Amino acid sequence: MSSNEANTAENFIHHKITHDINQGLNDCNVITRFPPEPNGYLHIGHAKSICLNFGTAIKFNGHCNLRFDDTNPEKENIEFMNAIAEDVKWLGYSWHEVNYASDYFEQLYNYGVQLIQKGYAYVDSLSAEEIRQLRGTLTEPGTESPDRNRTIEDNITLFEKMKNGAFADGSYVLRAKIDMNAPNINMRDPTLYRIRRAHHPRTANNWCLYPMYDFTHCISDGIENITHSLCTLEFEDHRPLYDWVLTQLQFPHHPQQIEFARLSLEYTIVSKRKLHLLVEQGHVSGWDDPRMPTLAGLRRAGFTPKSIRDFCDRIGVTKKDSWIEMGVLEHSIREDLNASATRKMAVLKPLRVVLENYPEDTCEQLTANNHPQNDQLGSRTLPFDQVILIEQDDFAEIPPAKFKRLTLNGEVRLRNSYIIKCHGIIKNEQGDILELRCTYDPDTLGKKPEGRKVKGVIHWVSEKHSLPAEIRLYDRLFNVPHPESEEDFICALNPNSLEVINGAKVEMSLANSRANEQYQFERIGYFCVDSKDSKPEQLIFNRTVTLRDTWK
RNA sequence: UGGGCCGUCGCCAAGCGGUAAGGCACGGGGUUUUGAUCUCCGCAUACCCAGGUUCGAAUCCUGGCGGCCCAGCCA
């Protein structure tokens, strides 16, 4: 496994592994796995698990496998497998092996037979509904199935017939024979195998018998010699079953399952079922819609792998249910982009400014640094002439308190250019401001004016020498911090999560920008060239995140 | 009300019997041709509550209170 910097953050799992190593367990090896079910796209919650699993392996000089948990053919497909693999690579990790639970179907079946032979599993003809009724409740014990004491020989025969397609879907299941009185419901003779005539993305129609998660996962971990099987809290109750299967099978290698809290991020959702719904009902443009918390969506919005890894590092790993504020993710991406993004100027909502004392046919080439702190990023040329465009918000006829921008008879610095002063406002009959009449001070290029202080700096572009662009302003997908707990989470969608700006103008140097390239549009935010829709003749930029703004 | 897990600053999170790290957020000062960045300062006499053990407790014990998960032939 290669990768970037391993995480620096310590957590309780690392402490536990360090302890294991000090005890000489697993010959001091650390082998983890990231086991997604290919039934959807990876999201920010998976990123936490990926960073934990791969990061832990890197930290302890071990390795991590990518393993598709493809035991439910009705929900899984190749498109998701490909997207998942791509996202893991994009995040910056390399797996030791890529495996599929379906690769183990034959072995799994044989382990099923072994369990029967040991008297630890039986074929049950009860229907799903009957099994549910006999399972008991949280406070009442379950009841044993009439089939529970079938002979081993009969069980073997029936299981083989199940495999060979002798029975209809749902007519029989293989169950573990544990304890119908167990206080842990997962131990009340859980189902191990079900009959399902479904086309599997990898094994096609070779099987009509599919193993359940609880049977599959522990054995897959065992086969791969996983030392630490990290999963989320809801599997805590399954650990006794995980251990039971491996113990009854006398597995030569018995991985240790350790649970941690899944990620919950405010103002978004990480439920795959609900993400599916957003896509299917068209509330977003797809799994890679920049508003989606999917890695594909975050990538398209302009989030970098580094920022996501940094985010995962910051939030920590514990067993406590928690909600992370969006501000943490925003901080991570701003920190990365502040250092790496070249600066540009873009005017989202243009206001025409005519510089009355600037020669009409002249256009000078000003020089602007691409980064205020990093000279290595070089500089560029900015055409400057008589008519420029500034942001409508950067002018106020009646300025609010502490307004540091342009006002009538006021002065302001044009970023990378001269200081200008406004003398007149031209309006239409409705009173809308159409144009500003200003003058520029030729003695203020690259120097401070004598005897007066101009505190405001605004961005601009030349009207004639600028490019039209579509700018997509993305905002949080939901209006409430915890949409998952809403009765109908769809109602909590933020209707203003996307604002498309069509009349924007950006500086000429952006003409050659390529898909995914990232910039800071000064004073506005970080943007990237949309990977799908942007064309050289029709540039489209996505807002990744705004600049931090402490002015209200 | 059975079982499992969790409770330290607004949000995360260190801490593992020796007297509350850090990050985000927030408030204030400085620098600044981005109201950005950077920088400096502030921000839990207090660790869910109540008892107890101890010279000493967020850490150990007892009892409460609060929250999350489990009754798929999903993972």
Side-chain angles (χ1 to χ4, degrees), chain A residues 9-11 15 35-37 39 69 71-72 74-76 124 126-129 131-133 135-142 169-175 182-188 190-196 210 212-214 216-217 231-240 259 261 266 272-273 313-332 334-335 338-339 343 345 368-369 371-373 402-405 412-419 444-448 454-459 481 520-525 546-552:
Chain A
E10 277 282 324
N11 58 54
H15 292 321
E37 182 190 9
N39 67 343
D69 226 330
T71 57
N72 187 353
E74 288 168 324
K75 292 184 177 172
E76 301 151 3
D124 200 341
L126 252 30
S127 68
E129 172 64 13
I131 286 179
R132 190 179 64 74
Q133 282 174 356
R135 186 150 30 223
T137 68
L138 294 178
T139 51
E140 300 158 329
D169 286 10
S171 56
Y172 288 94
V173 291
L174 181 72
R175 286 229 260 170
N184 179 346
I185 291 181
N186 293 305
M187 300 298 271
R188 316 236 265 230
T191 299
L192 266 22
Y193 266 97
R194 76 281 212 188
I195 300 173
R196 197 97 332 151
Y210 291 98
M212 300 287 288
Y213 166 85
D214 285 311
T216 309
H217 206 84
C231 63
T232 43
L233 252 28
E234 66 269 28
F235 292 103
E236 217 152 16
D237 288 341
H238 294 244
R239 180 158 25 97
E259 310 84 11
E266 291 190 339
K272 269 204 231 174
R273 189 183 69 76
D313 230 27
R314 283 173 193 278
I315 61 177
V317 178
T318 67
K319 293 180 73 109
K320 181 172 135 190
D321 294 306
S322 60
W323 284 91
I324 307 296
E325 293 177 340
M326 200 49 103
V328 183
L329 217 208
E330 291 176 348
H331 174 79
S332 292
R334 284 191 186 114
E335 184 174 78
N338 173 55
R343 267 91 241 234
M345 288 199 284
N369 288 133
H371 191 107
Q373 279 87 228
K402 295 187 181 168
F403 191 70
K404 288 167 60 176
R405 308 172 188 183
V412 75
R413 159 75 67 180
L414 291 180
R415 175 71 168 150
N416 297 123
S417 180
Y418 302 93
I419 286 172
T444 55
L445 184 63
K447 52 176 150 174
K448 294 201 196 312
V454 176
K455 46 189 185 329
V457 180
I458 65 174
H459 58 277
Q520 181 196 100
F521 288 167
E522 288 192 288
R523 302 209 311 129
I524 305 176
T546 62
L547 246 35
R548 187 162 166 271
D549 186 1
T550 52
W551 188 66
K552 20 203 168 275

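Convention: sequence-line order gives letters A, B, ...; per-chain numbering from 1. Bear in mind the structure is a predicted one, so any value in this text is a computation, not a measurement.
Among the nucleotides rU34(B), rA71(B), rC73(B), the one closest to any side-chain atom of V457(A) is rU34(B). When the nucleotides rA25(B), rU37(B), rG72(B) are ranked by their closest atom to the side chain of N338(A), rU37(B) comes out on top. Set against rC74(B), rG35(B), rC12(B), the side chain of E37(A) has rC74(B) as its closest nucleotide. Which of rA13(B), rA75(B), rU1(B) sits closest to the side chain of T139(A) comes down to rU1(B). Across rC26(B), rA14(B), rG2(B), the shortest atom-to-atom separation from the side chain of L138(A) is found for rG2(B). Closest approach to the V173(A) side chain among rC73(B), rU34(B), rC24(B) is made by rC73(B) (side chain taken as heavy atoms from C-beta onward). Checking rG72(B), rC70(B), rU37(B) against the side-chain heavy atoms of Q373(A) singles out rU37(B) as nearest. With rC73(B), rA75(B), rG35(B) as the candidates, the nucleotide lying closest to the side chain of D69(A) is rA75(B). Looking at the side chain of M212(A), the nearest of the listed nucleotides rC73(B), rC16(B), rC6(B) is rC73(B). When distances run from any side-chain atom of H331(A) to the nucleotides rA25(B), rA75(B), rG35(B), the shortest one goes to rA25(B).
Nucleotide rG63(B) is matched to rC49(B) when pairs are restricted to Watson-Crick or G-U wobble geometry with both distances under 3.5 angstrom. Nucleotide rG2(B) forms a pair with rC70(B), judged by Watson-Crick or G-U wobble geometry with both contacts under 3.5 Å. Using Watson-Crick or G-U wobble geometry with both donor-acceptor distances under 3.5 Å, rU37(B) finds no partner in any strand shown. Nucleotide rU54(B) forms no Watson-Crick or G-U wobble pair with any nucleotide shown, as no partner meets the under 3.5 Å limit on both distances.
Atom name C1', nucleotides rG30(B) and rA57(B): the rounded distance is 43 Å, in whole Å. Comparing the P positions of rC69(B) and rC55(B) gives an interatomic distance of 44 Å, to the nearest angstrom. Atom name P, nucleotides rA36(B) and rA50(B): the rounded distance is 44 Å, in whole Å. Here, rU8(B) and rG27(B) have their P atoms 25 Å apart, quoted to the whole Å. When the P atom is used for both rG23(B) and rC65(B), the distance is 38 Å, rounded to whole Å. Going from the C1' atom of rU62(B) to that of rU53(B) covers 11 Å, rounded to whole Å. To the nearest whole angstrom, the two C1' atoms, one in rG18(B) and one in rC9(B), are 23 Å apart. Taking the C1' atoms as reference points, rA46(B) lies 16 Å from rA14(B), given to the whole Å.
Judged by distance alone, with hydrogens and angles left aside, N184(A) brings no side-chain donor or acceptor close enough to the base of rG4(B) to form a pair under 3.5 Å. Evaluation of atom-type donor-acceptor distances gives no pair under 3.5 Å for the side chain of R334(A) against the base of rU37(B). In this model, no side-chain donor or acceptor of R132(A) finds a partner on the base of rG72(B) within 3.5 Å. For E140(A) and rG2(B), a side-chain-to-base donor-acceptor distance below 3.5 Å is absent, hydrogens and geometry of angles not being considered. At a cut-off of 3.5 angstrom, counting only N and O atoms as typed in the model, there is a donor on one side and an acceptor on the other between the side-chain of R196(A) and the base of rC73(B).
In plain terms, the two heavy atoms of L547(A) and R334(A) that are nearest each other are C-NE, 3.9 Å.
The aromatic rings of H238(A) and Y213(A) sit perpendicular, their planes meeting at an angle over 60°, well past the 30° parallel limit.
L547(A) has its CG atom 7 Å from the P atom of rU37(B), to the nearest Å. In this structure, L233(A) places its CG atom 19 Å from P of rG3(B), rounding to the nearest Å. Across the protein-nucleic acid pair, F235(A) atom CZ and rA75(B) atom P stand 9 Å apart, rounded to whole Å. Residue H459(A) contributes atom NE2, which lies 13 Å from atom C1' of rA36(B) at whole-angstrom precision. Here rA71(B) presents its P atom at 7 Å from NE2 of H238(A), a figure rounded to the nearest Å. Regarding D549(A), its CG atom lies at a distance of 6 Å from the C1' atom of rG35(B), rounded to whole Å. The distance between atom CD of E259(A) and atom C1' of rC69(B), rounded to the nearest whole Å, is 11 Å. Across the protein-nucleic acid pair, E10(A) atom CD and rG22(B) atom P stand 18 Å apart, rounded to whole Å.
Judged by distance alone, with hydrogens and angles left aside, the side-chain atoms of D124(A) form a donor-acceptor pair with the main-chain N or O of L126(A) at under 3.5 Å.
An anti base is found at rG63(B): its glycosidic angle is more than 90° from 0.
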Pairs under 3.5 Å (N/O, protein and nucleotides 7-9 of chain B):
from	atom 1	to	atom 2	distance (Å)
rU8(B)	OP2	K320(A)	NZ	2.6

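In this structure, the ring pair (Phe, Tyr, Trp, His ring centres under 6.0 Å) partners of Y172(A), at least two apart in sequence or on a different chain, are F167(A). Partners of H331(A) according to the ring pair (Phe, Tyr, Trp, His ring centres under 6.0 Å) rule, which considers only residues two or more places apart in sequence or in another chain, do not exist here. Annotation: side chain to side chain contact (heavy atoms under 4.5 Å, CB included) contacts of T139(A) (sequence neighbours excluded): T137(A). Residues passing the side chain to side chain donor-acceptor pair (under 3.5 Å) test with D69(A) are H217(A), sequence neighbours excluded.
Remark: ring of Y213(A) does not overlap the six-membered base ring of rA75(B) in a stacked fashion, as centroids less than 5.5 Å apart with planes less than 30° apart are not both met.
For the 3.5 Å distance criterion, the side chains of S127(A) and E129(A) fail to qualify, holding no donor opposite an acceptor.
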Side-chain polar contacts of residues 315-327 of chain A - donor-acceptor pairs under 3.5 angstrom, sequence neighbours left out - could you list them?
from	atom 1	to	atom 2	distance (Å)
T318(A)	OG1	K320(A)	N	3.1
K319(A)	NZ	E236(A)	OE2	2.5

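Look at R314(A) and E335(A) and you find a salt bridge, because one of the NZ, NE, NH1 or NH2 atoms lies within 4.0 Å of a carboxylate O, short of that distance.
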**Asked** Between W551(A) and K402(A), is a side-chain contact (heavy atoms from CB on, under 4.5 Å) present by the stated rule, with each step listed?
**Response** CA-CA 9 Å; W551(A) 188 66; K402(A) 295 187 181 168; 4.2 Å; yes

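If R135(A) and N11(A) are placed on RNA chain B by their nearest nucleotide, the residue sitting closer to the 5' end is N11(A).
Within the structure, a side-chain polar atom (N or O) of R194(A) is placed less than 4.0 Å from OP1 or OP2 of rA75(B).
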